[in-house]
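Start at 1 with the first residue, then count along the sequence. Keep in mind it's a predicted model, so treat the numbers as computed, not measured. All values below come from the heavy atoms of this structure, side chains included, with hydrogens, waters and symmetry mates left out.
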Amino acid sequence: MSKNRELKVQVVADIVEKLKNCQSMVVCSYSGLTVEQVTNLRKLCREQNVQYCVLKNRLVLRALQELNIAGLENLLEGPNAFVFSMNDVTNAPKVVNDFIEKNKLQSLKITGGILEGKAIDVATVKALANLPSREVLLAKLLGCMSNTVASFVRVIDAYRKKLAGEE
């Protein structure tokens, strides 16, 4: 096997590993971005614990075929960037969507993505970007649960006082 082919096989294996371990992945067309904008996006991705990669479309296609993920073949044309979210489903979509909205970019477009091993469209990626983070959702759930328990305790206490004739 030639050295070049060995390198490509290794890159495909790395992409497969990333796809297996990621919660979500966003495919972006970045044609026309300036170096400064790409640098800022990469910095933002690092801050949010998201991986931004520019990969060869053919190699990504091979990795997708290896994992039996269909639906992204038509997106893998032209210059694409791939943003992987390893910890939270919403991180990668949020970072890319917020960067586009903040900078009012026409040159960076979300073209699709992957959520838990299945291809998703642009609308789903944007819906994920608008969801609150996992921590915020857990805090809301905890708030609802503690309010319900507190209300229940107040009702029981009021009933106890009524039975005891303390009112």
Checklist entry - Apart from L142 itself, which Ile, Leu, Val, Met, Phe, Trp or Tyr residues share its cluster (side-chain heavy atoms under 4.5 Å, direct or through members)? => result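 Once heavy-atom contacts under 4.5 Å are chained together, L142 still belongs with nothing else.
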
Checklist entry - When Ile, Leu, Val, Met, Phe, Trp and Tyr are grouped by side-chain heavy atoms lying under 4.5 Å apart, directly or through other members, which residues fall in the same group as V136? => result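 Cluster partners of V136: none, it stands alone.
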
Item to check | Test item: M25 and V125 side chains (from C-beta on) under 4.5 Å apart, heavy atoms | outcome: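 The answer is no; the side chains never approach within 4.5 Å.
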
Atom [atom1] of [X] and atom [atom2] of [Y]: how far apart are they, to the nearest 0.5 Å?
X: R62; Y: L67; atom1: CZ; atom2: CG; result: 14.5 Å
X: L64; Y: E66; atom1: CG; atom2: CD; result: 10.0 Å
X: Q51; Y: R46; atom1: CD; atom2: CZ; result: 11.5 Å
X: E77; Y: L61; atom1: CD; atom2: CG; result: 10.5 Å
X: C28; Y: L33; atom1: SG; atom2: CG; result: 9.0 Å

Checklist entry - Taking a hydrophobic cluster as the set of Ile, Leu, Val, Met, Phe, Trp and Tyr residues connected by side-chain heavy atoms closer than 4.5 Å, whether directly or through intermediates, do L76 and V54 fall within one such cluster? => result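 No: no chain of side-chain contacts under 4.5 Å links L76 to V54.
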
Next on the checklist: Please determine whether residues L131 and L138 belong to a single hydrophobic cluster, defined as Ile, Leu, Val, Met, Phe, Trp and Tyr linked transitively by side-chain heavy-atom distances below 4.5 Å.
Outcome noted: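 Unlinked, L131 and L138 end up in two clusters.
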
Which pairs of donor and acceptor atoms, one on a side chain in residues 14-22, lie under 3.5 Å apart (sequence neighbours left out)?
residue: D14; atom: OD1; partner: Q10; partner atom: NE2; Å: 2.9
residue: E17; atom: OE2; partner: N21; partner atom: ND2; Å: 3.4
residue: N21; atom: ND2; partner: E17; partner atom: O; Å: 3.1

Item to check | D157 and R160 ion-paired at < 4.0 Å | outcome: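 The answer is yes: the pair qualifies as a salt bridge.
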
Next on the checklist: As a quick check of understanding, evaluate side chain to side chain contact (heavy atoms under 4.5 Å, CB included) for L41 and Q37, giving each step before the final call.
Outcome noted: CA-CA 6 Å; L41 179 56; Q37 289 169 330; over 6 Å; no

Checklist entry - Can Y52 and V38 be said to form a side chain to side chain contact (heavy atoms under 4.5 Å, CB included), step by step? => result CA-CA 10 Å; Y52 175 95; V38 171; 4.1 Å; yes

List the atom pairs, donor and acceptor, that lie under 3.5 Å between side-chain atoms in residues 100-114 and the rest of the protein, sequence neighbours left out.
residue: E101; atom: OE2; partner: N97; partner atom: ND2; Å: 3.3
residue: N103; atom: ND2; partner: F99; partner atom: O; Å: 3.0
residue: K109; atom: NZ; partner: Q106; partner atom: O; Å: 2.8
residue: T111; atom: OG1; partner: V27; partner atom: O; Å: 3.1

Tell me whether [X] contacts the main-chain N or O of [Y] through its side chain, where contact means a donor paired with an acceptor under 3.5 Å.
X: K118; Y: A70; value: no
X: N130; Y: K126; value: yes
X: T39; Y: V35; value: yes

How far apart are the closest heavy atoms of [X] and [Y], and which atoms are they?
X: Q23; Y: L115; result: O-CD1, 3.8 Å
X: S24; Y: P93; result: OG-CD, 3.8 Å
X: G117; Y: I69; result: O-CG1, 3.5 Å

Item to check | Candidate pair V11 and K8, rule side chain to side chain contact (heavy atoms under 4.5 Å, CB included), full reasoning | outcome: CA-CA 5 Å; V11 170; K8 287 181 181 178; 5.6 Å; no

Please tabulate, for the side chains in residues 79-91, all donor-acceptor contacts under 3.5 angstrom to protein atoms that are two or more places apart in sequence or on a different chain.
residue: N80; atom: ND2; partner: N57; partner atom: OD1; Å: 3.2
residue: N80; atom: ND2; partner: L75; partner atom: O; Å: 3.0
residue: S85; atom: OG; partner: D88; partner atom: O; Å: 2.3
residue: D88; atom: OD2; partner: T90; partner atom: OG1; Å: 3.3
residue: D88; atom: OD2; partner: R134; partner atom: N; Å: 3.4

Checklist entry - With sequence neighbours left out, what residues match S31 under side-chain hydrogen bond (donor to acceptor under 3.5 Å, both in side chains)? => result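 side-chain hydrogen bond (donor to acceptor under 3.5 Å, both in side chains) list for S31, sorted by chain: empty.
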
